[in-house]
Amino acid sequence: MDQQSEPGTIFGAHIPFVTFCGIEALDVSDGRTRLRLALRPEHANNLGIAHGGILCTLLDVALGTAARLRAGRPVVTLDMQTRFLAPGRGVLSAEGRVTRAGRSVIFCEAEIRDADGALVASATGLLKPVGERPAAP
């Protein structure tokens, strides 16, 4: 599957903000979306580590891509609970997965790890499918 067919496209959805942030789609397997972010100087806070905003964005994209692929249509984030566990540095990997999918709300989890595999941040989220429902087969 071509994950980034055009700039701003991630797993089939056009989201220009992901290009602005530098988030790359890696793959989808077993219902999990995998993303990558090579931190740049503009991603840093005053301590020189990843700003919480870029970590939240990466987690939100991981949650959203997993939910959207499950729903087969766009989703919006209703709620996201985030835990910052370690400083983010270097190249970060994120993974999003659906834990339960209902008709109106999808429950997801996501985590970010550094290049050594240390857990940097994690999140749970509630996402709502929007727009047209896919046609029944």
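Residue indices begin at 1 and follow the sequence shown.
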Report task. Mark yes or no for whether D116, through its side chain, and A118, through its backbone, hold a donor-acceptor pair below 3.5 Å. Result ->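 No, the answer is negative, given that no donor and acceptor are paired below the 3.5 Å cut-off.
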
Query raised in the report: Would you say T99's side chain and F107's backbone share a donor-acceptor pair under 3.5 angstrom?
Result: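 Yes, because the side chain of T99 sits within donor-acceptor range (under 3.5 Å) of the backbone of F107.
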
Over all heavy atoms of both residues, which pair between [X] and [Y] is shortest? Give the atoms and the distance, please.
X	Y	result
I106	A67	CD1-O, 3.7 Å
A66	V98	O-CG2, 3.5 Å
C21	L37	O-CD1, 3.3 Å

Does the side chain of [X] reach to within under 4.5 Å of the side chain of [Y], using non-hydrogen atoms?
X	Y	answer
F11	L35	yes
L63	T77	no
D60	M80	yes
L78	L127	no
R73	V130	no
I112	S122	no
R34	E24	no
V61	I10	yes

**Report entry** Check against side-chain contact (heavy atoms from CB on, under 4.5 Å), T124 and C108
**Finding:** CA-CA 6 Å; T124 56; C108 296; over 6 Å; no

If I take atom [atom1] from residue [X] and atom [atom2] from residue [Y], how far apart are they, to the nearest 0.5 angstrom?
X	Y	atom1	atom2	value
E42	L39	CD	CG	10.0 Å
H51	T57	NE2	OG1	10.0 Å
I49	F84	CD1	CZ	10.0 Å
D30	R97	CG	CZ	12.0 Å
H43	L92	NE2	CG	9.5 Å
Q81	L59	CD	CG	12.0 Å

Query raised in the report: Around R103, counting heavy atoms of other residues, nucleotides and ligands shown, do more than 12 lie under 6.0 Å from its CZ?
Result: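 No, CZ of R103 has 12 or fewer neighbouring heavy atoms, counting only those of other groups under 6.0 Å.
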
**Report entry** Pairing of E109 and R100 as salt bridge, 4.0 angstrom limit
**Finding:**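 Here E109 does not pair with R100 in a salt bridge, since their nearest N and O are not under 4.0 Å apart.
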
Report task. Just do the side-chain contact (heavy atoms from CB on, under 4.5 Å) check on L69 and V28 with the steps written out, would you? Result -> CA-CA 9 Å; L69 290 173; V28 178; 3.6 Å; yes

